[in-house]
Amino acid sequence: MQTTRAKYERLIGDLRTELRPQREWCEGRGLFLVIGHFVVGVAAGTWLFALLFESRAGLAAAFGLAALGGLAHLAFLGRPGRFWRMAAHWRTSWISRGFVGLALFLAGAALYLVALFAPGAPWAAGSWLAQTGYAAALAGMLVLMVYMGFVYTASKGVPFWTSPLHPALYIAYALRGGVAALAVALALGAASSATMEGLLLAWSGVTAAVIALFALEVHGALTGGNAAARRSVHELLAGRVALYFYCGTLALGILVPAWLAWQGLSGQLSLAALAALGLASALGDFFMKYATIRAGVLLPVWTPMAPQR
Amino acid sequence: MRRGMVIDLRRCTGCYGCQISCKAEHGTPPGVLFARVLKREEGRYPSMRLLFLPVLCNHCAEPPCVEACPTGASFKWEDGIVDIDQDKCVGCRSCMMACPYANRYLNDSPQNYFEQGATPFEAARTARHQTDVVMKCNFCRDRVRAGKPPACVANCPTAARTFGDLDDPASEVSRLIQERGGFPLHPEAGTRPSVFYLPP
Amino acid sequence: MNDLATPIRDDAWIPSSCALCYGSCSILAHRVDGVVVKVEGNPQSVVGKGRLCGKGAGGIMTHYDPNRLKTPLRRTNPKKGLDEDPRWKEITWDDALEEIAARLRRIRAEDSRKLVMQRTTTVTASRLPMQTFAAAFGTPNLSTAGGGLHCGNGAHLLSGIMHASWSVVPDFEYCNYAIYFGASKGHGAGHASASNMGLAAEARARGMKLVVVDPMCNFASAKASEWVPLRVGTDGALALAMCNTMANELGIYDAAYLQAKTNAPYLIGPDKLYVRDPASGKPLVWDKAAGAARPYTDARPADTALEGELEANGVRCQPAFQKLKDHLRRFSPEWGEAISTVPATTIRRLAREFAREARIGSTIVVEGVTLPYRPVAAIAFRGAQGHKNSVYNFLAIELLNQLVGAADVVGSCLGFNPACGGFPETGRPRYVPSAGPDGLMTVGMWMGYHYPYPIAEPRMPRNLGLQDLFAMGMTSPFLDSDDREQMWSRFELGYRPEMMLNFGANLLMSIANRETVARSLAAYEFMVSIDLFETETTRFADIVLPDCSYLQTLDSRSNFPFIFSLPAGMGEWCWPIRQPVLAPEGGQRRFQDVLLELAERIGMRADLNAAYNASMNLAPEFRLQGERRYTFEEICDAELKSNFGPGRGLDWFKEHGLVKWPKRPEEVYWRPFVDVRVPVYWEFMVPLAEKIDALTAPRGLKLPREYYEPLPDFLPCASHDCKAPGFDLTAFYYRDSIHTNSFTMENPWLDEAARLDPFSYTIAINADTATKKGLADGALVRVETESGRSVEGRVRLTQAIHPEGLGIAACAGHWGDGMPVAKGKGVFFNGLLDLDWEHVSPVNLNLDLCARVRVTPVEARR
Ligand SMILES: Nc1nc2c(c(=O)[nH]1)N[C@H]1C(S)=C(S)[C@@H](COP(=O)(O)OP(=O)(O)OC[C@H]3O[C@@H](n4cnc5c(=O)[nH]c(N)nc54)[C@H](O)[C@@H]3O)O[C@H]1N2
Ligand SMILES: Nc1nc2c(c(=O)[nH]1)N[C@H]1C(S)=C(S)[C@@H](COP(=O)(O)OP(=O)(O)OC[C@H]3O[C@@H](n4cnc5c(=O)[nH]c(N)nc54)[C@H](O)[C@@H]3O)O[C@H]1N2
Ligand code: SF4
Ligand code: SF4
Ligand code: SF4
Ligand code: SF4
Ligand code: SF4
Ligand SMILES: [Mo]
């Protein structure tokens, strides 16, 4: 009752403002969506890099993360009992596509991983079932990487998100998340220095891409965007979520891992440091998503009307 | 047939009759406002003017909310009314983010207007709405199918609201849009709203 | 549900009337299985035309409010005060009524005037039962709390004298140019508010120009073709400058109208009085045809002189119109600008537009009848009224209409249905204005304490409100003012109030600052409050009686008299009733029945029957008989049959909800058909002032004569004279469309809307003014008067207000727990108002509502 009242009061407050913040996808149960999106993105990236770097631990981690992401999504839904309905509209809905992608990924990865990890399984690695699983997981992974950005781009109510760069940015996030997760996985499994160096380079490259895309997006919002988009940028850089952005995203997600990466590339990086880099980078990404989502401001309904009497 | 509404901003006096009659018609819970009235000023003293803008779901011909909905809970009837099937909704709020007009509301927890609990009215009307799903204006589809205009239209004291078929060029709504230069909100969003406004 | 019972589903639409404001719009209540699930407008009715404002549409939530009173309560704490808890205990109706009856019996035996009956204006239908009870009981002390003091003492007086009506509106259907001086009519509030919103919108669509003179661009101004902001309380100056422009600069006026329909040709002597015919005592006019002075009844109007220096009866004299013209010369537009801040060029332009648009001399055919056509109207209400100089404000504004003959003709300023020929089958109800003393119009129907004209003879007061001394007063401040005891003893009033019977009025909020009113409430030995809620005022009662809401009650007329809520102009007459849709809950009882029961218990049944016969003007065959005991249903039945024939009693009305019949042009545009004149020169003020002063001066109260001149002047309010540094703003209040006075803040739907509204619960201040004061939007401020009264609230920076104005919406700021939704919402404007002789008009006793204030941020104080 009390929280209900508080929510109501806040909604009234929001509705009074010209530039109303979106809260559905970040506050309360909405937080689970951010977590879900984040974790699923990382899972997709991890799967990719784990395949590239041939890390079994990475593959397992990717699966685990994806499953967790699915659970987070369930927790986010108002009516989780009806989750299966979300497959229905993959033709138009990116959320639906994401759901299908996740399902595909989880099923495919399960098939593939069972064969990989359990030698006594009814189907062996390389069997057509495992192959199908591999293909499905790969397809699911691709969907997961791509869909998220489009979910935001389709959110016409929140101009800050609708930038055409958003999909690319989210793919880049997924990759960065993948590198980060793999870094942690490899660190735990004592990776070779060559792999490490490859990973650090990959991290640096992807990070550079993320920074560039993000900068472009902010620039776009500030110049081409409308009042709502500008307000979002303001919230991000100097408003309600600035703290998360500066401490979480910039310091934790970029500066700390960048320093560690530089250390690693110029000398020797301890496994612990590698793990720290991965964790910091991932957490930074989480805050990045959290901050961008929370900075979402709804398009004002008002259209200026020529003052003609 | 494409059902639509025309709101004459010259007539509207910002009386909130639409907002409240909609509440009465649908028994919407606190904070759920299928119809709302916005006020804003334009210009500077003394040559300023105060404007009223009543808003509701635009029943867009190309509704991004329907597109974004993963379950099909949000859908469009053959007469153009954009509606929500409460039984299908998972409460993912994607449609809320997709609507450029902020016309959707999550009915997130059972709420009543008074601390003491549901009034007999709320017990009879509000309780029909499922919780944890998204709600919005449905152009009073039950009334419309029964041949009555939507509640907010029938009630508007200034007769600012007109309801009709946008596909029929001879209809009152089409005529008003044509003659008075009716405009929708945020045409740039590409949603093709079915609610038009006549200039103040 | 009982399975054995036949499942008869209750599903009914019941015609009745709204009572969320005094507009009393006709409704259809949809009841399903004993629950009202919707209230809609009744499209059959003329009152509201099937459409409701936000308040009316939301009435269900007021009805079903769980905070409503359900049982009679008795206070157990004898101490009364703002901080005293009455410590209610529930009592039975029988105990409650017996205690009240015992008091009433004793008071009636001693001096019935010790009973004060007070009611809210919000439920107009309450007027009839309350007034009837008071008449039967024998007390003249009826009051409507803030009503009148705030809204009507000036408006009703002027509309009564000049239009035989309670109030005025433009003839929306035909008017082409209306100018409003502080009235929302047709846009947010006022009489027949929902109906008028529809009519005003049609007029807008048709192209009627609307100029709104108002310190704030709120409701009417928002829809106006032109908003003319002015300094608060200076309407009189603006209107006088416009009159001057018309009469002297442009020389445009409707001579034929002035000659025939006003006292403009009456000759005025040097003593400011009419020059009278020695034989008949009638005022003289100058007959140009005869070249001589003759009684006004004997000369053809067209032959009478409006101008010139004349001699009659051996005295030098001038026609009243000459006096007026000369008088107006001192009010140049430049002078008007200095006072009102409205540019002189604008004043001239408005006057020119008004005069031209009046189309003096033109006629039009309406439903086959040729009628004068004057499609302009100057309209005022609460805004121009809420000042010490309200009478002159109104008179000056009304002169605009009178100068061009725009009074109760097609397109002009119309009274609210002052002439009715009655239902065709019965010829009832029927009232028409008629000529009184000196040919001046007296009303056909009235609703106040005394008719506006002829003015009653001032006398040593017998009423607590002293309206019989200040004979143009209506609602009076002296029931509650700080100086009431001084006034009473000064004027040797032979008794003091002892008991109050209050219906609804929340006077602690609706009159002035609460400390003053609390003192007067606490002074009652015994107070009964009949209410829906435990309001702030109710907490001063000894016994509280839970009333039925509008969905549970019965009224043979949903407003008083039946035209109060009926839109003016052509269309139909309409008499709707109110009927119960739901049963009372708990111990709720209809106040009408309670009053009958009390009359029974104190043994005044015969008096009450007689009083009902009079107040309802029942036809002989339907009169209530002697001592007989009647239910309220029977009384309603009698009234309905009396007016509409034996076939149309209560049962018929319960089924049909209302009766209506077409208006005729001769009723709506009655002025040309009724031989009456109205005063553009208020000669009667001179002897009136003499007579009052003769009573007051010897008792230490000099009557300020400048308020009693026959021609209007601009007299500043205290706020205009304030020179104290820092007190640079004038606070005023205005109606919020979504709220009725203090009542509806408890309705959570309306509260929700008001909270979303930028202005409802905030203090509107000009953005530039605020910036100069370093105030940001939303800042918490303290608004303070010179006398140290203050309120707090949050500012809303806006372009929509005069730089010197401070606009506060509605009657908000409840502090009591009896209306928890309302508690703490908005700003209690009246906390700034003083209530005493100094702050009321010495003519009509209305309160000065403009408060000179200083605004400081609350933080800075800490
Ligand atoms: N600040 C400020 N002050 C004002 C005004 C303003 O707008 N602002 N308006 C002024 C004017 S013009 C007027 S007329 C007065 C009005 O002042 P009031 O007559 O005091 O009117 P309300 O504030 O509407 O309060 C009426 C109360 O009557 C009760 N009531 C409502 N319906 C019923 C019913 O059916 N039965 C019973 N028994 N009780 C009922 C409710 O409890 C409600 O709170 O206020 C004046 N004072
Ligand atoms: N919605 C709603 N309707 C109501 C009521 C209600 O409370 N709410 N109350 C009913 C009652 S009791 C009454 S008496 C009527 C009153 O109805 P209105 O007369 O319309 O009342 P207000 O809105 O108080 O005042 C009208 C305008 O006067 C302006 N004003 C204030 N001071 C000045 C001034 O000095 N000069 C000028 N020119 N304008 C000024 C205000 O800004 C406002 O716009 O409404 C009735 N109808
Ligand atoms: S009901 Fe009509 S006049 Fe009132 S706010 Fe709504 S659209 Fe405007
Ligand atoms: S206004 Fe919003 S909710 Fe309504 S159809 Fe358009 S996008 Fe959907
Ligand atoms: S919240 Fe319901 S209606 Fe909206 S997108 Fe999700 S499933 Fe569809
Ligand atoms: S059309 Fe019906 S549901 Fe939509 S805003 Fe109007 S009353 Fe509400
Ligand atoms: S104007 Fe008054 S009576 Fe009419 S619907 Fe509104 S609140 Fe009810
Ligand atoms: Mo009033």
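Because the structure is predicted, anything quoted here is derived from the model rather than measured. Computed from heavy atoms alone, side chains included, the values below leave out hydrogens, waters and symmetry copies. Note on naming: letters A, B, ... go to the chains in the order of the sequence lines (proteins, then strands), and numbering restarts at 1 for each one.
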Query raised in the report: Do A:His89 and B:Val66 pass the side-chain contact (heavy atoms from CB on, under 4.5 Å) test, and can you show the C-alpha distance, the side-chain angles, and the key distance before you say yes or no?
Result: CA-CA 10 Å; A:His89 274 248; B:Val66 169; over 6 Å; no
Query raised in the report: Would B:Asp132 and A:Arg29 pass as an ion pair if we require N to O under 4.0 Å?
Result: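 Salt bridge flag = yes for A:Arg29 with B:Asp132.
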Heavy-atom cut-off 4.5 Å, strictly under: side chain, backbone, both or neither for [X] against chain A?
| X | value |
| --- | --- |
| B:Pro30 | both |
| B:Gln86 | backbone |
| B:Ala102 | both |
| B:Val55 | side chain |
| B:Cys92 | both |

Report task. Answer yes or no: are there more than 12 heavy-atom neighbours, outside B:Tyr105 itself, under 6.0 Å from its atom OH? Result ->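 Yes.
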[X] and [Y]: which non-hydrogen atoms are nearest, and at how many Å?
| X | Y | answer |
| --- | --- | --- |
| A:Gly30 | B:Arg93 | N-NH2, 3.6 Å |
| A:Trp25 | B:Ser94 | CZ2-CA, 3.5 Å |
| B:Cys69 | A:Ser93 | O-CB, 3.4 Å |
| B:Tyr101 | A:Val301 | O-CG2, 3.6 Å |
| A:Lys7 | B:Asp108 | NZ-OD2, 2.9 Å |
| A:Arg82 | B:Cys89 | NH1-O, 2.8 Å |

**Report entry** Intermediate values then yes/no, side-chain contact (heavy atoms from CB on, under 4.5 Å), B:Met97 and A:Tyr152
**Finding:** CA-CA 8 Å; B:Met97 301 299 133; A:Tyr152 292 97; over 6 Å; no
Query raised in the report: If you tally heavy-atom pairs under 4.5 Å against chain B, which of A:Phe76, A:Phe83, A:Trp94 wins?
Result: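 Greatest number of close heavy-atom pairs with chain B: A:Phe76.
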Requested in this report: Could you have a look at A:Arg79, A:Arg97, A:Lys156 and say which one has the most heavy-atom pairs with chain B under 4.5 angstrom?
Outcome: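 Winner by heavy-atom pair count: A:Arg79.
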In Å and rounded to the nearest 0.5 Å, what is the [atom1] to [atom2] distance from [X] to [Y]?
| X | Y | atom1 | atom2 | result |
| --- | --- | --- | --- | --- |
| A:Trp302 | B:Leu38 | CH2 | CG | 6.5 Å |
| B:Gln111 | A:Arg5 | CD | CZ | 7.0 Å |
| A:Trp84 | B:Thr71 | CH2 | OG1 | 10.0 Å |
| B:Leu33 | A:Ile12 | CG | CD1 | 7.0 Å |
| B:Lys88 | A:Met86 | NZ | CE | 14.5 Å |

Looking only at heavy atoms and a cut-off of under 4.5 Å, which of [options] has the most pairs with chain A?
| options | answer |
| --- | --- |
| B:Arg40, B:Glu67, B:Gln130 | B:Arg40 |
| B:Pro29, B:Gly190, B:Pro70, B:Pro100 | B:Pro70 |
| B:Leu106, B:Thr131, B:Val133 | B:Thr131 |

Need one label for [X]: side chain, backbone, both or neither, based on atoms under 4.5 Å from any heavy atom in chain B.
| X | value |
| --- | --- |
| A:Trp161 | side chain |
| A:Phe99 | neither |
| A:Leu15 | both |

Report task. Might you work through the side-chain contact (heavy atoms from CB on, under 4.5 Å) test for A:Gln22 and B:Met96, ending with a clear yes or no? Result -> CA-CA 9 Å; A:Gln22 79 79 18; B:Met96 296 178 75; over 6 Å; no
Query raised in the report: Backbone N or O of A:Pro300 within a donor-acceptor pair of the B:His186 side chain at under 3.5 Å?
Result: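 Yes; at least one donor-acceptor contact below 3.5 Å.
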